[in-house]
There are 2 protein chains.
Amino acid sequence: MKASFAITPQYVKAACSQCNLRELCLPFGLAEHEVDRLDELVGARRKVKRQAQLYRAGDPFEAIYAIRTGSFKTDVLLEDGREQVTGFQMTGEILGLDGISAENHSCNATALEDSEVCVIPFARLEELSREVESLQHQFHKVMSREIVRDHGVMMLLGSMRAEERLAAFLLNMSQRFMARGFSAAEFHLRMTRDEIGSYLGLKLETVSRAFSKFQDEGFVSVQQKHIRILDIDGLKQLLGRCARN
Amino acid sequence: MKASFAITPQYVKAACSQCNLRELCLPFGLAEHEVDRLDELVGARRKVKRQAQLYRAGDPFEAIYAIRTGSFKTDVLLEDGREQVTGFQMTGEILGLDGISAENHSCNATALEDSEVCVIPFARLEELSREVESLQHQFHKVMSREIVRDHGVMMLLGSMRAEERLAAFLLNMSQRFMARGFSAAEFHLRMTRDEIGSYLGLKLETVSRAFSKFQDEGFVSVQQKHIRILDIDGLKQLLGRCARN
DNA sequence: TCAGCTCTTTGATCCACGTCAACCCCTTTG
DNA sequence: CAAAGGGGTTGACGTGGATCAAAGAGCTGA
């Protein structure tokens with residue numbers, strides 16, 4: 001279905017304007033005729049298979065990417081091979097902003113499931129955003145949001161204990177699924193315990209134990225990657241107390 | 001001296017074009033006549049006394065700030081009062097980018113010493129960067145650099161042990177002092193052990209002990225806030241080994 | 001359908017860093 | 001110059017989460 005869409009000209013033409021992710025993505029706040037102009041430069045689309053990389057650290061930077069379907073993780077690697085996951089990205093979110101500063105990417109972006117992204121050539125985006133004020137502003141907001149998000153992760157890594165981190169993670173995922181029209185209470189995590197652990201600055205065993213504890217206490221029901229949140233307020237309260245630093 | 005400069009019209013006119021920080025700041029990469037246009041909108045300057053706040057979380061966002069003299073820390077606060085320092089900023093660096101996304105600031109910016117910033121009204125910056133391509137691009141680079149920096153901090157907080165974190169911090173400070181024409185080997189830290197600890201996700205005692213250890217091992221000489229780096233390669237090697245996650 | 005994966009869970013043990021507490025050194029102020 | 005207070009250092013001790021180990025549970029592919 002997706003494939004047949006992808007090759008029909010109407011679909012290409014109507015990319016952003018018909019996309020149900022526009023509220024979350026670059027077209028947010030644009031007038032209809034402005035979205036049409038954005039469509040023109042977002043022609044190309046790219047499929048990325050599960051475990052394949054959209055880009056790697058060091059790759060030359062040419063475009064940013066909007067996730068149309070699927071999800072990704074981004075990570076940076078130390079010389080000794082250890083990995084730090086810097087984020088998980090869902091549909092409508094923008095990948096590749098790290099590449100602007102040095103003109104090549106500084107992290108790796110890996111698909112967590114078979115995914116598809118809209119390729120947005122950066123030079124053309126800058127060009128268009130010089131003409132379209134609302135696009136310029138929305139793009140700045142997207143970048144700024146990434147900075148704010150990163151500060152939240154620092155808070156998490158620097159000041160919270162293991163169970164708080166996982167609670168914050170689950171609440172964040174829940175809220176993002178909800179924003180995309182999915183259930184806030186029940187969802188599939190596409191990443192492994194190891195990847196969650198890397199993101200949260202914990203070992204996978206600690207993540208697993210925290211999940212078990214939450215389940216024992218009746219906050220969530222966990223079956224492998226399938227999560228059901230049973231007591232969202234309980235999780236929120238868990239967050240409130242117990243800072244470490 | 002600074003005060004007398006600040007009120008002379010030439011000085012206001014020549015702000016960016018004569019500023020020795022242009023290489024590090026927004027004017028980087030602009031042609032001379034473009035810098036002149038930037039000067040026009042960077043008229044206002046603001047002094048911030050040590051310990052005073054340039055802005056607070058929740059303040060309406062109207063401008064970003066370039067640090068002319070002095071230094072700052074930014075932090076976010078949890079409801080329970082615990083603080084996470086998200087960064088230390090030096091001359092030429094830009095403060096306030098977090099405010100763009102929600103139209104109000106999401107963190108606090110506090111001067112670590114008596115400081116002065118250039119106020120850059122954001123609406124006018126967006127306006128000008130629609131006209132001046134090189135300014136637009138440099139601004140995007142500045143935002144992107146902040147994102148890359150944040151990823152580095154995540155790496156630090158999520159994957160490094162205490163001594164590695166402090167070593168990374170010292171090397172980073174050293175490099176930034178050097179970029180500003182100061183000694184890379186000898187400098188004054190403007191922040192307390194507690195603030196360093198908050199930034200690095202450690203308690204102040206742990207920071208203090210790590211300083212002592214580095215001193216015992218001959219890597220640095222530490223006298224309160226005065227640091228002399230004696231063996232920069234030793235510090236770098238310390239970074240290479242010993243990841244935790 | 002089975003073999004060989006990878007991912008997850010759980011238990012036992014260890015240790016890096018947090019916590020608590022005492023003391024020291026500067027700096028500031030009257 | 002004395003007193004007060006804010007940093008900073010150091011020691012003793014406790015603990016949250018890492019580490020090591022083993023077994024179970026789901027996929028994947030022949």
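Basis for what follows: all heavy atoms, side chains included, without hydrogens, waters or symmetry-related copies. Letters go in sequence order (proteins before strands), and every chain restarts at 1. These numbers come from a predicted model, not from an experiment.
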Trainee: Return the set of residues passing salt bridge (Lys or Arg N to Asp or Glu O under 4.0 Å) with B:Glu23 (not counting sequence neighbours), or none when no residue passes.
Mentor: none
Trainee: Find the distance A:Met160:CE to D:dG17:P and express it as a whole number of Å.
Mentor: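 After rounding, the gap between these two atoms is 13 Å.
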Trainee: With sequence neighbours excluded, give me every salt bridge (Lys or Arg N to Asp or Glu O under 4.0 Å) pair touching residues 54-67 of chain B.
Mentor: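 Listed by first then second residue: nothing to list.
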Trainee: Where the side chain of B:Thr69 meets the backbone of B:Glu116, is there a donor-acceptor pair that is under 3.5 Å apart?
Mentor: yes
Trainee: Salt-bridged, A:Glu93 to A:Arg149, with N to O below 4.0 Å?
Mentor: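 A:Arg149 and A:Glu93: not salt-bridged.
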Trainee: Just the rounded figure in Å: distance from C1' of C:dA16 to CG of B:Leu202.
Mentor: 11 Å
Trainee: Quickly work out the A:Glu195 CD to C:dC7 C1' distance and round it to whole Å.
Mentor: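 Roughly 11 Å, once rounded to whole Å.
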Trainee: Are the side chain of A:Asn108 and the backbone N or O of A:Ala57 linked by a donor-acceptor pair below 3.5 Å?
Mentor: yes
Trainee: For A:Arg190 and C:dT6, give me the distance from atom CZ to atom P, rounded to whole Å.
Mentor: 20 Å
Trainee: Rounded to the nearest angstrom, tell me the gap between atom CD in B:Gln51 and atom P in D:dG6.
Mentor: 12 Å
Trainee: Atom CG of A:Leu157 and atom P of D:dG16: how far apart are they, to the nearest Å?
Mentor: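 Answer to the nearest Å: 19 Å.
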Trainee: Rounded to the Å, how far apart are A:Arg50 CZ and D:dC27 C1'?
Mentor: 10 Å
Trainee: If you draw a 6.0 Å radius around CZ in A:Arg180, do more than 12 non-hydrogen atoms from other residues or ligands fall strictly inside?
Mentor: yes
Trainee: Can you tell me if B:Ser198 uses its side chain to pair, donor with acceptor, with the backbone of B:Glu83 under 3.5 Å?
Mentor: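 Flag set: sc B:Ser198 to bb B:Glu83 pair under 3.5 Å.
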Trainee: Give me each pair satisfying ring-ring contact (aromatic ring centres under 6.0 Å, His included) with a member in residues 148-168 of chain B, each pair once, sequence neighbours excluded.
Mentor: none
Trainee: Please report the end-to-end axis angle for the helix from C:dT1-D:dA30 to C:dG30-D:dC1, five pairs per end, rounded to 10 degrees.
Mentor: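 Comparing the first five pairs with the last five, the axes sit 50° apart.
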Trainee: Which atom pairs link the protein and nucleotides 8-14 of chain D when you take only N or O atoms and keep those under 3.5 Å?
Mentor:
residue, atom, partner, partner atom, Å
D:dG8, OP1, B:Lys225, NZ, 2.9
D:dG8, OP2, B:Arg193, N, 2.7
D:dT9, OP1, B:Arg193, NH2, 3.3
D:dT9, OP2, B:Arg193, NE, 2.8
D:dT9, OP2, B:Arg193, NH2, 3.4
D:dT9, OP2, B:Ser208, OG, 3.0
D:dT9, O5', B:Ser208, OG, 3.3
D:dT10, OP2, B:Ser212, OG, 2.4
D:dG11, N7, B:Arg209, NH1, 2.8
D:dG11, O6, B:Arg209, NH2, 3.2
D:dA12, N6, B:Arg209, NH2, 3.4

Trainee: For A:Gln215 and C:dT10, what is the distance between atoms CD and C1' respectively, to the nearest whole Å?
Mentor: 14 Å
Trainee: Only counting residues at least two apart or in another chain, list the ones meeting ring-ring contact (aromatic ring centres under 6.0 Å, His included) with A:Tyr199.
Mentor: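 For A:Tyr199, the residues satisfying ring-ring contact (aromatic ring centres under 6.0 Å, His included) (neighbours in sequence not counted) are A:Phe88.
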